[in-house]
Amino acid sequence: MREGDAADAPEFLNRLRAGDARAFEELVAFHQHRVFGVALRMLGSAAEAEEVAQEAFIRAHRSLGEFRGDAKLSTWLYTIVSRLCLNRLASGDRKTVRHGEEILLRVPDEGGGPEVHAERGELEVALHRAIAELPEERRAVIVLRDFEGLAYEEIAQALRLELGTVRSRLHRARMEMRARLTPHLGR
């Protein structure tokens, strides 16, 4: 599988529905980093994100016969991983993650001295905290839109929300993120 659209090609979908193990391996290989990334950004814990990503692919495998193709395959996978994350966030038996213990995003290393690396590290921690402190429903929307690049319509479909709700939650999430990150950016 080379491009995202190739995943939605009828031949590929037929192979998946027919239980072709190689097709499923291709699906996992192509989407595993993004599925894990969504889970990591939503949960803030690499260990939990790994568990949820694995569970998402297990559920996808079990449900492939039910996938009608109304949405893109990637949107369907985001639906599964987002719901698993939201369920885990809502459950009371989550493992606690201390702030700064795990970094959600890696800012690309563009060189620079120790001062640049220290500032970048501070920004990473601030970004992690800002995302982690968002209410769950806003966190899901901002992760899917601003970090994964999904269209508003795809997010609405993945989270089973009205388009206006997606826009409203995204706006509020961005405002909260801006308020929390401004002190770190305005040096």
Side-chain angles (χ1 to χ4, degrees), residues 4 31-57 59-60 70-108 110 118-187:
H31 292 284
Q32 67 185 352
H33 295 294
R34 293 187 82 186
V35 167
F36 175 78
V38 168
L40 180 60
R41 287 183 184 98
M42 287 181 71
L43 298 172
S45 162
E48 282 186 293
E50 192 173 311
E51 288 174 22
V52 167
Q54 288 175 358
E55 179 64 23
F57 283 112
R59 288 192 185 195
D70 297 340
K72 293 191 323 189
L73 194 55
S74 58
T75 303
W76 182 65
L77 286 171
Y78 286 131
T79 300
I80 295 169
V81 73
S82 297
R83 288 202 185 115
L84 287 170
C85 288
L86 290 172
N87 289 342
R88 186 168 284 224
L89 287 167
S91 74
D93 55 330
R94 274 193 83 219
K95 302 170 194 162
T96 7
V97 177
R98 289 185 301 274
H99 288 299
E101 186 176 299
E102 298 199 41
I103 302 301
L104 296 177
L105 294 172
R106 293 283 175 212
V107 178
E110 297 170 1
E119 284 183 28
R120 193 173 291 130
E122 288 176 27
L123 182 58
E124 285 181 12
V125 169
L127 183 59
H128 165 71
R129 284 185 180 149
I131 293 170
E133 291 171 357
L134 286 172
E136 296 161 10
E137 69 276 356
R138 291 184 196 156
R139 187 181 322 162
V141 172
I142 202 164
V143 165
L144 293 175
R145 176 67 187 157
D146 291 342
F147 296 98
E148 296 302 323
L150 268 65
Y152 293 102
E153 295 79 11
E154 291 175 306
I155 297 167
Q157 190 171 27
L159 299 177
R160 292 186 181 158
L161 297 171
E162 294 294 323
L163 194 56
T165 304
V166 169
R167 292 179 192 277
S168 173
R169 287 183 183 177
L170 183 60
H171 174 73
R172 288 185 183 126
R174 287 176 174 165
M175 296 301 287
E176 285 183 52
M177 293 286 290
R178 181 178 297 131
R180 290 183 176 145
L181 294 175
T182 296
H184 299 282
L185 299 173
R187 293 184 179 175

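Annotation for Ala60 and Trp76: closest pair O-CH2, 3.4 Å, computed over non-hydrogen atoms. Annotation for Leu170 and Ile142: closest pair CD1-CA, 3.8 Å, computed over non-hydrogen atoms. Minimum heavy-atom separation, Val52 to Arg88: CG2-NE, 3.7 Å. Annotation for Ala151 and Arg145: closest pair CA-NH1, 3.7 Å, computed over non-hydrogen atoms. Across every non-hydrogen atom of Leu40 and Ala46, the tightest pair is CD1-N, 3.6 Å. Heavy-atom minimum distance, Thr75 versus Ala158: O-CB, 4.1 Å.
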message: Pair Leu127, Arg180 - check side chain to side chain contact (heavy atoms under 4.5 Å, CB included), show working.
response: CA-CA 8 Å; Leu127 183 59; Arg180 290 183 176 145; over 6 Å; no
- request: Begin with the C-alpha distance, continue with both residues' side-chain angles, and end with the deciding distance and a verdict on side chain to side chain donor-acceptor pair (under 3.5 Å) for Thr182 and Arg178.
  value: CA-CA 6 Å; Thr182 296; Arg178 181 178 297 131; 5.9 Å; no
message: Is there a side chain to side chain contact (heavy atoms under 4.5 Å, CB included) between Leu86 and Met42? Walk through the geometry before answering.
response: CA-CA 8 Å; Leu86 290 172; Met42 287 181 71; 3.9 Å; yes
- request: Take Arg59 and Leu84 through the test side chain to side chain contact (heavy atoms under 4.5 Å, CB included) and record every step on the way to the result.
  value: CA-CA 10 Å; Arg59 288 192 185 195; Leu84 287 170; 3.4 Å; yes
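With hydrogens and angles left out, the side-chain atoms of Thr79 and Arg83 include no donor and acceptor closer than 3.5 Å.
Rounding to the nearest 0.5 Å gives a distance of 10.5 Å between CD of Glu136 and CZ of Arg169. Between the OH atom of Tyr152 and the OG1 atom of Thr165 there is a distance of 13.5 Å, given to the nearest 0.5 Å. Here the CZ atom belonging to Arg167 is positioned 12.0 Å from the CD atom belonging to Glu162, to the nearest 0.5 angstrom. The CG atom of Leu144 sits 10.0 Å away from the CZ atom of Arg34 when rounded to the nearest 0.5 Å. Here the straight-line distance linking atom CD of Glu148 with atom OG of Ser74 works out to 10.0 Å at 0.5 Å rounding.
For the pair Glu137 and Leu161, the minimum side-chain heavy-atom distance is 4.5 Å or more. Inter-residue side-chain proximity for Leu89 and Arg139 is flagged as met; some heavy-atom pair is nearer than 4.5 Å. Between Phe57 and Val81 there is no side-chain heavy-atom pair separated by less than 4.5 Å. Proximity of Val166 to Leu159: side-chain heavy atoms (C-beta onward) are nowhere separated by under 4.5 Å.
Counting only distance, with no hydrogens or angles, the side chain of Ser82 and the backbone of Tyr78 share a donor-acceptor pair below 3.5 Å.
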